There are 2 protein chains.
Amino acid sequence: MDASKQTIYTIADLAAEFGITPRAIRYYEEMGLLTPQRSQETQQRLYDRSDRARLKLILRGRRFGFGLKEIKELLNLYRVDTGEKEQMRRAIEYGDKHIAEVDEMIRELQETKEEMLEFRRRFERILAGEEDGAK
Amino acid sequence: MDASKQTIYTIADLAAEFGITPRAIRYYEEMGLLTPQRSQETQQRLYDRSDRARLKLILRGRRFGFGLKEIKELLNLYRVDTGEKEQMRRAIEYGDKHIAEVDEMIRELQETKEEMLEFRRRFERILAGEEDGAK
DNA sequence: CAGTATCTTGACGTGTACGTCACCTAATGG
DNA sequence: CCATTAGGTGACGTACACGTCAAGATACTG
């Protein structure tokens, strides 16, 4: 087991890859969601694969309307000490709640999709000459 | 066909029902997402079933991280003149794009859920005594 | 008929998530 | 050697989505 694989990204690398600005990435760090290594002399931020994965999760959370505080909690959830059994049990418990929330979001989106399809069918019927698809 | 069913809500009614403030509802109106009737004398806002439905959609959009401008466009999409065939064809076209977006969101959420379940299984294995679930 | 409740329209304040400078410090290339 | 490029730290600005008064009109209630 080697200590750390050396896939290193600069802040510009990640910014380009995910279509965001370096400023945003620094802001996530400022809010405590990222803590990249620093080059000893330059103080330059050096991101590894795990930082990149965290960033990816942050952006996914943002796309779904979560605030950075919520995302931070979620990230910390999967960062527990695998030695502390009690901590892990609580992580599983909280995780289950979040899984249930994701399920609910999926359900709501499927409902939304169905409603959009219903509208679509209505429009199609009207276009086909049925005058009005209203109830 | 009667002109309008008289299920009337005050701003406080809707605010209470959806757990938001009257201010938020007025803001949505200010941004052009709602246009309730007004009582002739008092200028009081009177919401009907369709206003309520729009508000529901607004809040759903907000929960999924959409901005009010995007939501407004989406709402207008399903408000086209059912006489203008060309307009309807374009509505269906845009609607299909949005349906595809919703599909993508569902896919991403399912992926997220799977990842969370994977973590859960890993934790469970560790708790069961397999020392470490890491790769 | 005074008091309370509910609505109205401003208008200014606030938290979040960055954008946008300015200014400084290395590393690199002709 | 000097200019360009990439990154660093403040610090102030900004868009969005409201929150939070203030001040006034109207309506019901004991």
Side-chain angles (χ1 to χ4, degrees), chain A residues 6-49 51-52 54-76 101 105, chain B residues 6-48 51-52 54-76 105:
Chain A
Q6 73 242 43
T7 323
I8 297 298
Y9 309 91
T10 70
I11 196 166
D13 288 341
L14 292 183
E17 177 176 357
F18 292 111
I20 58 179
T21 63
R23 168 62 171 132
I25 298 178
R26 290 197 195 98
Y27 182 69
Y28 301 148
E29 180 178 345
E30 199 180 326
M31 293 295 107
L33 283 84
L34 288 172
T35 43
Q37 292 301 112
R38 299 293 194 112
S39 71
Q40 193 51 30
E41 204 66 345
T42 328
Q43 281 299 95
Q44 207 199 338
R45 290 170 176 81
L46 303 173
Y47 301 87
D48 62 18
R49 291 187 337 337
D51 292 319
R52 182 174 169 282
R54 281 178 79 87
L55 179 56
K56 203 170 177 177
L57 288 175
I58 292 169
L59 296 177
R60 178 176 290 179
R62 293 290 299 123
R63 274 200 302 284
F64 284 100
F66 291 99
L68 294 184
K69 272 180 70 177
E70 289 173 273
I71 295 172
K72 184 178 176 182
E73 278 185 50
L74 261 162
L75 287 174
N76 289 338
E101 282 167 25
M105 290 178 77
Chain B
Q6 71 241 44
T7 324
I8 298 299
Y9 309 91
T10 70
I11 197 168
D13 287 343
L14 292 184
E17 178 175 357
F18 292 110
I20 58 179
T21 64
R23 168 62 172 133
I25 298 178
R26 289 196 195 97
Y27 183 70
Y28 301 148
E29 180 178 344
E30 199 180 325
M31 294 295 106
L33 284 83
L34 287 173
T35 44
Q37 291 301 114
R38 298 295 192 110
S39 71
Q40 193 50 31
E41 204 66 345
T42 328
Q43 281 300 94
Q44 205 198 336
R45 290 169 176 84
L46 302 174
Y47 301 88
D48 62 19
D51 292 319
R52 182 174 169 281
R54 280 178 80 86
L55 179 55
K56 203 170 178 178
L57 288 175
I58 293 169
L59 296 177
R60 177 177 290 178
R62 293 290 298 124
R63 275 200 301 284
F64 284 100
F66 291 99
L68 294 184
K69 273 179 70 176
E70 289 173 273
I71 295 172
K72 183 178 176 180
E73 278 185 50
L74 263 162
L75 287 174
N76 290 338
M105 290 177 79

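Scope of the values below: all heavy atoms of this structure, side chains included, with no hydrogens, waters or symmetry mates. Just so it is clear, the structure is predicted and the values come from calculations on it, not from any experiment.
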In whole Å, what is the span from the [atom1] atom of [X] to the [atom2] atom of [N]?
X	N	atom1	atom2	result
A:Q44	C:dA27	CD	C1'	10 Å
A:I71	C:dA17	CD1	P	8 Å
B:I8	C:dC7	CD1	P	14 Å
A:L46	D:dA6	CG	C1'	13 Å
B:K72	D:dA17	NZ	P	12 Å

Review point. Considering all heavy atoms of both residues, which atom of A:I11 and which atom of A:P22 are nearest to each other, and what is their separation?
Key: CD1-O, 3.6 Å
Check your understanding: Do you know the tightest heavy-atom contact between B:P36 and B:L34?
Key ->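 Nearest pair, atom of B:P36 first, then B:L34: CD-C, 3.7 Å.
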Practice item. Under the side chain to side chain donor-acceptor pair (under 3.5 Å) rule, collect the residues that match up with B:Q37, sequence neighbours excluded. Key: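 Not a single residue meets the side chain to side chain donor-acceptor pair (under 3.5 Å) criterion with B:Q37.
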Exercise for review: Using the test side chain to side chain donor-acceptor pair (under 3.5 Å), find all partners of B:R23 that sit at least two apart in sequence or belong to another chain.
Suggested key: none
Check your understanding: Quick one: CD1 on B:I8 to CG on B:D48, what's the gap to the nearest 0.5 Å?
Key ->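 The CG atom of B:D48 is 6.0 Å from CD1 of B:I8, to the nearest 0.5 Å.
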Are [X] and [Y] packed together at the side-chain level, in the sense that at least one heavy-atom pair is separated by less than 4.5 angstrom?
X	Y	value
A:Q44	A:R38	no
B:Y28	B:I71	no
A:L55	A:I20	yes
A:L68	A:Y27	yes

Review point. Going by heavy atoms closer than 4.0 Å, what residues in residues 14-39 of chain B are next to DNA chain D?
Key: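 Nucleic-acid contacts, sorted: B:T21, B:R23, B:A24, B:Y27, B:Y28.
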Check your understanding: Does anything in residues 60-70 of chain B reach DNA chain D, meaning a heavy atom under 4.0 Å, and if so which residues?
Key -> B:R62, B:G67, B:L68
Check your understanding: Below 4.0 angstrom from OP1 or OP2 of D:dG7, is there any side-chain N or O of A:R45?
Key ->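 No, because none of the side-chain N or O atoms of A:R45 sits under 4.0 Å from OP1 or OP2 of D:dG7.
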Identify every side-chain donor-acceptor pair in residues 59-67 of chain A under 3.5 Å, counting partners at least two apart or on other chains, and give the distances.
residue: A:R60; atom: NH1; partner: B:T112; partner atom: OG1; Å: 2.9
residue: A:R60; atom: NH2; partner: B:E111; partner atom: OE2; Å: 2.9
residue: A:R62; atom: NH1; partner: A:F66; partner atom: O; Å: 3.0
residue: A:R63; atom: NE; partner: B:E108; partner atom: OE2; Å: 3.3
residue: A:R63; atom: NH2; partner: B:E108; partner atom: OE2; Å: 2.2

Between protein and nucleic acid, restricted to nucleotides 23-29 of chain D and to nitrogen or oxygen atoms under 3.5 Å apart, what atom pairs and distances do you find?
none

Review point. Is the count of non-hydrogen atoms from other residues, nucleotides or ligands lying under 6.0 Å from A:E17 atom CD greater than 12?
Key: yes
